Every structure is written in structure tokens, then in C-alpha cells.
Amino acid sequence: MKRENSHAFRKGVRNGIPIALGYFAVAFTLGIAASNAGLTAFQATLASLTNNASAGEYAGFTVIAAGSGYLEMIIMQVVANARYLLMSFAMSQKIPQDMPLHHRLLVAFDLTDEIFGISIAEPGKLNPYFSYGAFSVAIPGWSLGTCLGVVMGNVLPLNVVSALSVGLFGMFIAIVVPATKQNKVLLGIVLVSMVLSFAFYKIPVFDAISSGTKTIILTVVIALAAAIIFPVKEENKNAE
């Protein structure tokens with residue numbers, strides 16, 4: 001059993017190295033966002049060590065920068081990280097039924113999009129040590145990138161910082177664009193979201209609403225409208 005766990009751990013490290021490198025680049029721009037929100041290098045690094053979530057952390061730093069309250073922060077984190085609930089449901093079918101609770105909790109701790117992808121791709125049931133191996137390189141990569149982003153974000157030339165600062169948005173675009181090419185409904189929803197977001201930030205009547213609240217309102221309203229108008233049929237879910 002020890003040899004099997006050791007093999008799974010090494011495989012997790014090997015598969016996690018490309019993820020760590022990608023995390024480092026993206027987290028550098030996240031560190032810049034943390035610095036702009038007034039966080040120190042220690043605070044930002046601690047946030048990345050305990051919350052390896054790109055969208056969640058970026059949304060959190062945005063809420064902090066906007067001076068919003070705790071309630072807005074809680075709602076924003078629930079909305080931004082809701083997809084992890086679905087990943088957890090899927091992962092529950094991948095892990096052995098007799099896996100102890102402490103292993104389940106540890107595997108769930110760093111169940112990011114990328115680690116979820118390599119875990120689901122593993123043949124058979126998932127050995128938790130595979131996840132631990134991936135964590136051992138992914139979490140340091142994410143945290144180190146965040147720390148250096150805070151420390152060096154104000155040292156680098158302005159044009160370099162500007163280029164790096166769009167890295168996180170580039171990651172989001174890379175996730176959204178392929179899906180919109182395959183689904184016209186999703187493409188329409190993305191376009192509507194862009195138009196409404198622009199309207200919310202340009203129409204003076206919405207100036208009294210904080211940036212964090214605007215994002216929450218748009219996310220909930222658009223997602224709810226899409227679910228009502230374009231419900232996903234049960235047979236489509238099974239086919240997927």
C-alpha cells in the first residue's frame with residue numbers, strides 16, 4: 001500500500017508541475033490586484049495558501065478594493081465559487097467509498113478546476129495521494145506567484161505590469177470562448193452579460209451601488225433568467 005501511495009504521489013507531482021507553472025503566471029497578476037487593494041505581501045500570500053481559487057480570490061480582492069462590507073464578500077464568494085459544489089459532487093463518484101473522512105476533507109481543500117481535470121482523467125478510483133502530489137507543487141506555485149506579484153508589481157515597468165495584469169482575464173477568456181463556440185445559447189448569454197455590465201457601469205443611476213454589489217446582481221439575475229428561459233433537459237445532462 002505504501003508503494004502504491006508513493007507512486008500515486010509522484011504521479012500527482014509530475015502532472016501538477018504544468019499546473020503550478022500556469023498558476024505562477026496567473027497568480028502574479030493576482031498579487032498585483034491584491035497590492036492595489038491595499039494588502040501586504042504576507043496577507044496576500046496567506047490568502048493564496050488557504051484559498052487556491054483564482055476567481056474567488058480576485059473577486060475578494062475586488063470587493064476589498066471597493067470598500068464593500070462582509071455581507072457582500074460572503075455573497076460574492078458563494079457565487080464565484082459555486083462551481084466547486086458541482087465538482088465536489090462529481091469527485092464524490094471518483095473516490096473510493098471507504099475513503100476516510102480526513103482524506104476526503106484534504107482532497108476537497110484544493111479541488112481547483114485544473115486539479116479536478118487531472119483527477120477525473122485518472123483511470124479507476126482516485127488515490128488521495130495523487131491529489132496530495134499535485135497539491136504539493138500547485139499550492140506553492142500559486143502562493144509564490146501571488147507574493148512576487150505584490151512585491152514586484154510596483155517595481156516592474158508600467159507596460160510590463162499592464163501586460164501581466166490582463167493575464168487573469170485572458171485565462172477567463174480561454175475558458176469561456178471554446179464553450180461559446182459550441183453553444184449558441186451560451187454565446188448569447190455572454191454577449192448579454194457584456195452589454196448589461198457595460199450599462200451598469202455607465203448609467204449614472206447605478207453609481208450609488210458598489211462594484212461588488214453590481215457584480216452580484218448581474219450574476220444572479222442573468223444566471224436565473226438563463227436557467228428559466230433555457231433549461232437543460234435531463235436527457236442532455238445524462239448524455240453529457
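What you see below is based on every heavy atom in this structure, not just the backbone, and it leaves out hydrogens, waters and symmetry mates. Model, not experiment: these values are computed from the prediction.
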Are [Y] and [X] co-members of a hydrophobic cluster defined by side-chain heavy atoms under 4.5 Å apart?
| X | Y | result |
| --- | --- | --- |
| L218 | I74 | no |
| I203 | V221 | yes |
| V195 | F200 | no |
| L105 | L126 | no |
| L46 | V63 | no |

Heavy-atom side-chain proximity of [X] to [Y] below 4.5 angstrom:
| X | Y | result |
| --- | --- | --- |
| F28 | T146 | no |
| T29 | Y58 | no |
| L30 | S48 | yes |
| L144 | L148 | yes |
| W142 | D110 | no |
| I189 | I222 | yes |

In Å, rounded to the nearest 0.5 Å, how long is the span from [atom1] of [X] to [atom2] of [Y]?
| X | Y | atom1 | atom2 | answer |
| --- | --- | --- | --- | --- |
| M73 | F61 | CE | CZ | 8.5 Å |
| F130 | E4 | CZ | CD | 13.5 Å |
| H103 | D98 | NE2 | CG | 10.5 Å |
| Q77 | N51 | CD | CG | 7.5 Å |
| N52 | L111 | CG | CG | 10.5 Å |

Of all the heavy-atom pairs spanning [X] and [Y], show the shortest one and how long it is.
| X | Y | result |
| --- | --- | --- |
| Q43 | G38 | OE1-O, 4.3 Å |
| F135 | V107 | CZ-O, 3.5 Å |
| L39 | V150 | O-CG1, 4.1 Å |
| M91 | S119 | CE-CB, 3.5 Å |
| Y23 | A138 | CD1-O, 3.6 Å |
| G133 | V13 | O-CG2, 3.3 Å |

Backbone N/O of S193 and side chain of S197: donor-acceptor pair under 3.5 Å
yes
Keeping to residues at least two apart or across chains, list the side chain to side chain donor-acceptor pair (under 3.5 Å) pairs with something in residues 84-96.
Y84-D113
Side chain to side chain donor-acceptor pair (under 3.5 Å): pairs with one or both residues in residues 121-131, sequence neighbours excluded
N5-N127, K11-E122
Tell me, with the steps shown, if I139 and F109 meet side-chain contact (heavy atoms from CB on, under 4.5 Å).
CA-CA 11 Å; I139 293 177; F109 170 71; 3.9 Å; yes
Using side chain to side chain contact (heavy atoms under 4.5 Å, CB included) as the criterion, list what pairs up with T45, not counting sequence neighbours.
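For T45, the residues satisfying side chain to side chain contact (heavy atoms under 4.5 Å, CB included) (neighbours in sequence not counted) are L49, S143, C147.
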